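Labels below follow one simple rule: chain letters A, B, ... track the order of the sequence lines, proteins then strands, and each chain is numbered from 1. Below, each value reflects all heavy atoms present in this structure, side chains not excepted, and no hydrogens, waters or symmetry copies. All of these numbers come straight from a predicted model, not from anything done at the bench.
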Amino acid sequence: MSYTELSEQEQLRRKSLEEIKKLGINPYPAKKYDVTAYSKDIKENYDDEKKNFQNISIAGRIMTRRIMGKAAFAELQDSKGKIQVYISRDDICPGEDKTLYNTVFKKLLDLGDIIGVKGNVFITKTGEITVKAKELTVLTKSVRPLPVVKEKDGKIYDAFSDPEQRYRMRYLDLIVNPHVKETFINRTKLTNSMREYLNTKGYLEVETPILQPIYGGAAARPFKTHHNALNQTLYLRIANELYLKRLIVGGFDGVYEFSKDFRNEGMDRFHNPEFTQMELYVAYKDYFWMMDTVEEMVEKIALDIHGTTKVQVGKNTIDFKRPWKRYTMFEAIEHFTGIDISEMEEEELRETAEKLGIETDKSMGKGKLIDEIFGEKCEAQLIQPTFITDYPVEMSPLAKKHRSKDGLVERFEAICNGKEICNAYSELNDPIDQRERFEEQLLLAQRGDDEAMMLDEDFLKAIDYGMPPTSGLGIGIDRLTMIMTNSDSIQDVLFFPQMRPEKKIQIDSADKYTEKGIPEEWVTLIQKLGFKTVESLKNAKPGKLFNDLCGLNKKGKLGLKNPSADDVKKWCE
RNA sequence: GACCUCUUAGCUCAGUCGGUAGAGCAACGGCCUUUUAAGCCGUGGGUCCUGCGUUCGAGUCGCAGAGGGGUCACCA
């Protein structure tokens with residue numbers, strides 16, 4: 001990056017950086033800085049009677065600054081929040097030399113710079129808890145201006161709100177928008193709480209392959225990659241179900257994994273190509289047991305994050321208090337449409353779906369039709385956490401057939417705020433049935449379903465040896481986090497959501513210009529005027545370019561020797 | 001992938017009927033020793049997303065493209 005390409009403010013900051021160095025101050029010191037107090041703790045615990053928090057050190061970013069002659073107030077932001085700092089010239093410069101205040105603090109430091117302050121806490125006349133600085137240390141000079149967000153009485157002015165910028169530069173979002181940090185802290189609280197719950201129950205956290213030779217455990221298009229040494233196609237996992245089941249075969253009673261999964265499908269506010277699921281498998285249990293477990297676990301999570309089971313999500317207050325409502329899928333459909341479809345065959349289902357205004361096509365079998373009706377007519381209306389049980393067998397090739405109802409499997413999903421948050425089964429452990437189900441999937445694939453599951457011989461082999469009756473669960477961590485943090489987009493609960501790359505403008509290097517006889521010192525100026533490649537100069541109007549270049553030279557006081565109009569004309573040929 | 005919509009200063013945004021761009025904050029120069037979005041006076045800062053077209057003249061109109069957001073489709 002050359003100097004003249006920088007904005008005015010960036011240039012000034014770089015100049016300040018040099019000035020600081022000239023004063024013998026290292027703007028990026030190597031030595032550790034001992035922080036002994038944090039903004040939030042000071043604000044919560046300072047007691048003016050006791051005069052605690054004396055001789056403390058804090059460190060953070062300068063967020064606002066108000067300078068009044070020999071004294072100044074600054075707001076410092078550390079990892080926990082903001083606190084005001086009072087800096088008076090004669091406190092930080094007790095001797096004759098007032099450079100640290102007059103020059104360094106007043107002139108050379110900017111908003112966004114990171115400093116350390118040592119001093120005593122007191123309360124100002126206006127009642128604000130403030131650190132009175134005795135020492136000030138420059139810890140990091142920032143050479144790019146921060147977006148400026150102002151706040152008064154909890155009201156935000158000029159918020160840094162462009163979603164593109166916020167997601168591409170999440171670090172800025174985190175600095176400037178405090179609620180963002182809160183969301184991500186709560187995300188980690190959520191996984192910690194869940195992990196704690198599972199560990200207390202004695203289940204083992206494990207890790208299984210992300211690169212898989214055969215993708216399985218869900219219906220989705222995968223990301224495909226290639227391993228050179230093995231000369232083999234590998235897929236990024238879409239789920240880890242089949243590996244965790246192998247571990248149950250291997251004799252573990254309960255295993256779980258927080259699993260980054262990858263699905264090569266559309267993106268919207270509920271979908272990101274990589275996302276996180278927690279999958280849990282417990283031997284000798286069934287799906288009724290698993291419903292109790294999910295209720296208990298999610299209730300605990302709500303309590304750990306919010307201290308209550310009630311969570312505000314948009315306009316809705318969602319109460320995770322046990323027990324949750326339970327519907328079979330047929331009951332739910334009857335409840336919301338008034339139609340009992342439990343005895344219907346494929347043709348009648350198709351007609352019913354059409355009557356309800358749902359588009360159908362020939363590739364849709366019985367199970368898919370039922371699923372569509374449910375998805376269209378019921379799901380969005382389920383706001384309070386609700387279990388939907390007993391799904392059609394066609395949609396669930398890894399779930400055990402229902403103990404008493406033909407054509408159904410022992411499966412449930414928990415729906416909350418109109419969206420699925422988890423999916424669980426009594427796992428299919430009959431190896432013969434499992435093989436047949438995979439073969440049905442192959443037929444579906446031939447019928448044109450490009451998300452049908454692949455047949456995994458190695459997994460079938462494992463099941464042949466005998467997997468105990470097992471209940472399994474997959475719970476969407478991003479979705480659950482969205483609900484628990486009142487976020488309406490998945491991008492708000494992922495630090496770095498997937499984005500298209502920013503377009504790079506093609507820029508020629510300086511030697512391409514010098515080859516044409518253009519002096520090197522003019523190259524950055526020419527580029528600043530929009531001619532990023534030598535080729536593009538052919539489109540330039542030489543007279544205008546000549547004027548512009550001399551203008552920049554004069555305006556920027558660069559002291560370069562102006563080229564002649566003829567020189568410039570030659571450059572443009 | 002389709003449709004709708006947005007893109008102007010470091011940030012948030014105005015910009016009328018087509019006439020070479022404005023505000024607040026931030027920055028810079030002043031005044032000011034406890035301010036509360038501190039204030040007051042002054043100054044600088046722009047590839048109006050990109051390209052092409054219409055026009056004497058385009059931030060503004062048309063077409064194409066890029067990126068973002070929303071809705072739909074697919075999915076969790």
Using 30° and 60° as the class limits, which term best fits the ring planes of Tyr46(A) and Phe53(A): parallel, tilted or perpendicular? tilted
Using the C1' atom in both, what is the distance from C52(B) to A66(B), to the nearest Å? 15 Å
For a quick check of understanding: with a heavy-atom distance under 4.0 Å over all strands, which category does Gly476(A) fall into, base, sugar-phosphate or nothing? nothing
May I ask you to decide if the ring planes of Phe184(A) and Phe495(A) are parallel, tilted or perpendicular, using 30° and 60° as cut-offs? parallel
Give the minimum heavy-atom separation between Ile358(A) and Ile373(A), together with the two atoms involved. CD1-CA, 3.7 Å
Re C31(B): Watson-Crick or G-U wobble partner, both distances kept under 3.5 Å, found to be G39(B)
Report the nucleotide, chosen from G69(B), U35(B), G29(B), that has the shortest atom-to-atom distance to any side-chain atom of Thr124(A). U35(B)
Specify the separation, in whole Å, of atom CG of Asn177(A) and atom P of C11(B). 14 Å
Residue Met499(A), side-chain heavy atoms: nucleotide from G68(B), G10(B), G70(B) that is nearest: G68(B)
Suppose you measure atom C1' in A58(B) against the same atom in U50(B); what distance do you get, rounded to whole Å? 15 Å
With the side chain of Leu12(A) defined as its heavy atoms from C-beta on, choose the nearest nucleotide among U33(B), C74(B), A27(B). A27(B)
For the P atoms, the ones on G46(B) and on G57(B), what distance do you get once it is rounded to whole angstrom? 26 Å
With side chain to side chain contact (heavy atoms under 4.5 Å, CB included) as the test, would you mind laying out the steps for Thr99(A) and Thr103(A) before giving the verdict? CA-CA 5 Å; Thr99(A) 311; Thr103(A) 310; 3.8 Å; yes
When both hydrogen-bonding distances must be under 3.5 Å and the geometry is Watson-Crick or G-U wobble, what is A23(B) paired with, if anything? U12(B)
Between G10(B) (C1') and Arg14(A) (CZ): distance, integer Å: 14 Å
Which one, U35(B), C74(B), G67(B), comes nearest to the side chain of Glu164(A)? G67(B)
Closest listed nucleotide, where the reference is the side chain of Arg66(A) and the choices are A38(B), C74(B), U34(B): A38(B)
Show me, pair by pair, the donor-acceptor contacts under 3.5 angstrom made by side chains of residues 374-384 of chain A, not counting sequence neighbours?
residue, atom, partner, partner atom, Å
Lys377(A), NZ, Leu356(A), O, 3.4
Glu379(A), OE2, Glu420(A), N, 3.4
Gln381(A), NE2, Lys377(A), O, 2.8
Gln384(A), OE1, Asp319(A), N, 2.8
Gln384(A), NE2, Thr317(A), O, 2.7

Against the side chain of Arg168(A), the closest entry in G67(B), U35(B), U71(B) is G67(B)
Report which part of the nucleic acid Thr64(A) touches: base, sugar-phosphate, or nothing (heavy-atom distance under 4.0 Å, all strands). nothing
So Phe262(A), base contact, sugar-phosphate only, or nothing? Heavy-atom distance under 4.0 Å. nothing
Between G53(B) and G18(B), how far apart are the C1' atoms? Round to whole Å, please. 15 Å
Check every strand shown and say whether Lys260(A) touches a base, only sugar-phosphate, or nothing at a heavy-atom separation below 4.0 Å. nothing
Salt bridge check, Glu413(A) against Arg411(A): does any charged N sit closer than 4.0 Å to a carboxylate O? yes
Once you apply the 3.5 Å cut-off to both distances, tell me the Watson-Crick or G-U wobble partner of G18(B), or none. none
From CG of Asp48(A) over to C1' of U34(B), roughly how many Å is that when rounded to an integer? 14 Å
With a non-hydrogen cut-off below 4.0 angstrom, is Gln277(A) in contact with a base, only sugar-phosphate, or nothing? nothing
What interatomic distance, in whole Å, is found between C1' of C25(B) and the corresponding atom of A38(B)? 13 Å
Is a donor-acceptor contact shorter than 3.5 angstrom present between the side chain of Asp162(A) and the base of C13(B)? no
Just the rounded figure in Å: distance from C1' of G10(B) to CD of Gln165(A). 10 Å
Between C11(B), U34(B), G10(B), which one does the side chain of Gln9(A) approach most closely? G10(B)
Counting the atoms with a prime plus P, OP1 and OP2 as sugar-phosphate, which does Asp488(A) contact under 4.0 Å by heavy atoms, base, sugar-phosphate, or nothing? nothing
Quickly work out the Arg65(A) CZ to C25(B) C1' distance and round it to whole Å. 15 Å
Heavy atoms from C-beta onward define the side chain here; which of G68(B), A27(B), G45(B) lies closest to that of Asp110(A)? A27(B)
Rounded interatomic separation in angstrom, taking CG from Asp492(A) and P from G69(B): 10 Å
Polar pair under 3.5 Å, donor/acceptor by atom type, side chain Glu128(A), base U34(B): no
When we call it a touch if two heavy atoms are under 4.0 Å apart, what does Ile421(A) touch: a base, just sugar-phosphate, or nothing? nothing
Testing C11(B), G68(B), G69(B) for proximity to the side chain of Gln491(A), the answer is G69(B)
How many whole angstroms separate atom CZ of Phe270(A) from atom C1' of A73(B)? 15 Å
Rounding to the closest angstrom, what is the interatomic distance between U7(B) and A14(B) at atom P? 8 Å
Determine the contact category for Glu420(A): base if any of its heavy atoms lies under 4.0 Å from a base atom, sugar-phosphate if only primed atoms, P, OP1 or OP2 are that close, otherwise nothing. sugar-phosphate
Please tell me which of the listed nucleotides, C74(B), U34(B), G67(B), lies nearest to the side chain of Tyr86(A)? U34(B)
When you compare U60(B) with U8(B), how far apart are their C1' atoms, in angstrom units rounded to a whole number? 11 Å
Given that Pro147(A) and Lys107(A) both sit by RNA chain B, which one's nearest nucleotide is further toward the 5' end? Pro147(A)
Rounded to the Å, how far apart are Glu10(A) CD and C28(B) C1'? 16 Å
If you measure only the distance, is there a donor-acceptor pair under 3.5 Å linking the side chains of Asp90(A) and Tyr101(A)? no
Complementary nucleotide of C63(B), counting Watson-Crick and G-U pairs under 3.5 Å: G51(B)
Using a 4.0 Å heavy-atom cut-off across all strands, classify Arg269(A) as base, sugar-phosphate, or nothing. sugar-phosphate
With the side chain counted from C-beta on, respond yes when Trp324(A) and Thr386(A) share a heavy-atom pair under 4.5 Å apart, and no when they do not. no
Thinking salt bridges, do Asp113(A) and Lys141(A) make one under a 4.0 Å N-O criterion? yes
Tell whether Glu8(A) reaches the base of G44(B) with its side chain through a donor-acceptor pair below 3.5 angstrom. yes
Need the pair for A2(B). Rule: Watson-Crick or G-U wobble, both distances under 3.5 Å, any strand; none if unpaired. U71(B)
Rounded to whole angstrom, note down the C1' distance from G51(B) over to A9(B). 23 Å
